[in-house]
2 protein chains.
Amino acid sequence: MPAARPTRIQQKNRAAILDAALDVFSAQGFRGATVDQIASAAGLSKPNLLYYFPSKEAMHGALLTELMDNWLSPLRDLNPDGDPMQEIMGYVHRKLQMSRDFPRESRLFANEIVQGAPRIHAALSMDLKNLVDDKTAVIQSWITAGKIASVHPYHLLFSIWSLTQHYADFDVQIRAVLGDEDPFEGAPDFVDTLYRRLLTP
Amino acid sequence: MPAARPTRIQQKNRAAILDAALDVFSAQGFRGATVDQIASAAGLSKPNLLYYFPSKEAMHGALLTELMDNWLSPLRDLNPDGDPMQEIMGYVHRKLQMSRDFPRESRLFANEIVQGAPRIHAALSMDLKNLVDDKTAVIQSWITAGKIASVHPYHLLFSIWSLTQHYADFDVQIRAVLGDEDPFEGAPDFVDTLYRRLLTP
DNA sequence: GAATGATTTGACCAACTGGTCAAACCAAGG
DNA sequence: CCTTGGTTTGACCAGTTGGTCAAATCATTC
């Protein structure tokens, strides 16, 4: 049983499993993924997987908790004392980069939310809500101070999430429409223009 | 076998099945949905379902093809001869209303796309792409004519899709964050402001 | 009300899936 | 070497799932 002091083999295999699981879960959803798929993607046998993780649920859970933390860090870093426009634009671009660099993570999250977030509902209405309440207050103070134009702070955040993650979550659709053009060629410019025009007082 | 002239019973049951299937597929995804769930949601027995539809795939396919058509109609209606700003704002608001009134359809679509659109890839790169190519040309002509501000027309559409559908697809997350406030209270105003500021020349 | 065709269902099946387990294998230290 | 504890696996199991089928039931029409 993997315990306190993980061996080299444990570290390597756990990492391989989580990577394979991310591949499969993000592409098929929790129910669509099978332990066998994850096992062969990780180059291990099914019983061997279940030696490292007690269940399919456990793998999914491990991925989700790790994700929730990383996913929110750009918002956490929004600095109340920084330049408002620069802070928000920085947040937007960082989120867009995460969509480009970690599309699997974005899709794992999307799968979970679209299906009603059965496994992370608590985290949403606690951790996420608290963080958002906090940061929207900051944004509201910037608005009140006349530093940025007046918009509904919550909906501003929703729009940033949706717009940036859309490039990861709806990747197939975007590529089907764009043909050869790389989505991330025009995207940074577009979102930059959009939020500058929206927020310039 | 349901054939040329559908009886009253056939019409009623087919409709009940498709409605139940939409409920279940949109909430659980294709693989997550079971025929038994759909059957009991429709108030029928499993073999009875399979009397009306030859397979689970067939139900899903029927929903998707019907959806693809309805889903694109607002874009199809974008009138090249109308007032540019009014046409685009009308499109935005109509899409937002569809998110509010048909969230199940939006989520059915989202589930399919996030998982790589295995069953509608052809429709995306044919029907959708053609329509989008057509309408972006119209938008580009409005830009060239100076009627609206210059933006990447494709990314403009992507942003409208993502922003409006986000309210349906990520409903749980949005409600978890907003608490008691109804998302659709602030949304119309927000998207209106956003696109007016973006597009006003 | 008998005949005919549409509709409904209980019983069933084969494939798949998550998970178990005892036995085998292997790495490292003594 | 050989022991010890971590690692790996083939065989297996019980529950679920999509789908079938023959028989029963129902609605309509003549």
Side-chain angles (χ1 to χ4, degrees), chain A residues 1-64 108 111-112 115 118-119, chain B residues 1-64 108 111-112 115 118-119:
Chain A
M1 197 183 305
R5 283 161 223 291
T7 66
R8 238 170 297 130
I9 295 181
Q10 272 174 37
Q11 287 185 0
K12 200 193 67 174
N13 281 348
R14 264 189 75 97
I17 291 170
L18 285 178
D19 188 71
L22 180 55
D23 257 9
V24 178
F25 281 134
S26 68
Q28 321 255 81
F30 178 76
R31 198 129 187 301
T34 74
V35 178
D36 270 313
Q37 280 176 329
I38 300 174
S40 74
L44 299 173
S45 69
K46 181 169 63 166
N48 205 3
L49 275 216
L50 295 164
Y51 170 71
Y52 289 100
F53 289 88
S55 69
K56 182 183 168 185
E57 280 259 358
M59 300 176 215
H60 196 248
L63 283 174
L64 276 182
L108 177 72
N111 261 305
E112 181 66 12
Q115 300 190 5
R119 298 161 228 281
Chain B
M1 195 185 308
R5 281 160 225 295
T7 67
R8 238 170 298 130
I9 295 181
Q10 273 173 35
Q11 285 186 0
K12 199 194 64 171
N13 281 348
R14 264 189 74 98
I17 291 171
L18 285 179
D19 189 71
L22 180 54
D23 257 9
V24 179
F25 281 135
S26 69
Q28 320 255 74
F30 178 76
R31 197 127 187 305
T34 75
V35 178
D36 269 313
Q37 279 176 331
I38 300 173
S40 75
L44 299 173
S45 68
K46 181 168 65 165
N48 204 1
L49 276 215
L50 295 164
Y51 170 73
Y52 289 100
F53 289 88
S55 70
K56 182 182 168 185
E57 280 260 356
M59 298 175 216
H60 195 247
L63 283 174
L64 276 182
L108 178 71
N111 261 305
E112 181 68 10
Q115 300 191 3
R119 298 161 226 282

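Just so we're on the same page: letters track the sequence lines, and every chain starts at 1.
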* To do: Measure the spacing between OH of Tyr51(B) and CD of Gln10(B) and express it to the nearest 0.5 Å.
  => 6.0 Å
With a 4.0 Å limit, can you tell me whether [X] has a side-chain N or O closer than that to the phosphate oxygens OP1/OP2 of [N]?
| X | N | result |
| --- | --- | --- |
| Gln10(A) | dG6(D) | no |
| Tyr51(B) | dT8(C) | no |
| Tyr52(A) | dT8(D) | yes |
| Asn13(A) | dG6(D) | no |

Identify the heavy atoms of [X] and [Y] that sit nearest to each other, and give their distance.
| X | Y | value |
| --- | --- | --- |
| Ala42(B) | Ile17(B) | CB-CA, 4.1 Å |
| Ser45(A) | Ala39(A) | C-CB, 3.9 Å |
| Ser26(A) | Asn111(A) | O-ND2, 3.2 Å |

Between atom [atom1] in [X] and atom [atom2] in [N], what is the gap in whole Å?
| X | N | atom1 | atom2 | value |
| --- | --- | --- | --- | --- |
| Phe53(A) | dG18(C) | CZ | P | 16 Å |
| Ile17(A) | dT7(D) | CD1 | P | 11 Å |
| Glu57(A) | dG18(C) | CD | C1' | 11 Å |
| His60(A) | dG19(C) | NE2 | P | 13 Å |
| Arg14(A) | dT8(D) | CZ | C1' | 18 Å |

* Listed by chain and number, what are the salt bridge (charged side-chain N to carboxylate O under 4.0 Å, His left out) partners of Lys46(A), not counting sequence neighbours? -> Asp36(A)
* Near DNA chain D, under 4.0 Å by heavy atom, which residues of residues 40-48 of chain A? -> Ser45(A), Pro47(A), Asn48(A)
* By a strict heavy-atom criterion of less than 4.0 Å, which residues belonging to residues 23-39 of chain A are in contact with DNA chain D? ->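 The stretch gives Arg31(A) as the residues lying under 4.0 Å from the strand, ordered by number.
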* Asked: Can Gln115(B) and Arg31(B) be said to form a side chain to side chain contact (heavy atoms under 4.5 Å, CB included), step by step?
  -> CA-CA 11 Å; Gln115(B) 300 191 3; Arg31(B) 197 127 187 305; 5.9 Å; no
* **Test side chain to side chain contact (heavy atoms under 4.5 Å, CB included) applied to His60(A) and Phe53(A), step by step** => CA-CA 10 Å; His60(A) 196 248; Phe53(A) 289 88; over 6 Å; no
* Answer whether the closest heavy-atom distance between the side chains of Phe30(B) and Glu112(B) falls below 4.5 Å. =>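 Side chain of Phe30(B) against side chain of Glu112(B), heavy atoms only: no contact under 4.5 Å found.
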* Asked: Partners of Asn48(B) by side-chain hydrogen bond (donor to acceptor under 3.5 Å, both in side chains), sequence neighbours excluded?
  ->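 Listed in chain order: nothing, the list is empty.
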* Evaluate the criterion side chain to side chain contact (heavy atoms under 4.5 Å, CB included) for residue pair Phe25(A) and Lys56(A); output intermediate values, then yes/no. => CA-CA 10 Å; Phe25(A) 281 134; Lys56(A) 182 183 168 185; 4.0 Å; yes
Just the atom pairs and distances: protein N or O near nucleotides 25-29 of chain C's N or O, under 3.5 Å.
none

* Asked: What residues form a side-chain contact (heavy atoms from CB on, under 4.5 Å) with Asp23(B), not counting sequence neighbours?
  ->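 Residues passing side-chain contact (heavy atoms from CB on, under 4.5 Å) with Asp23(B): Arg104(B).
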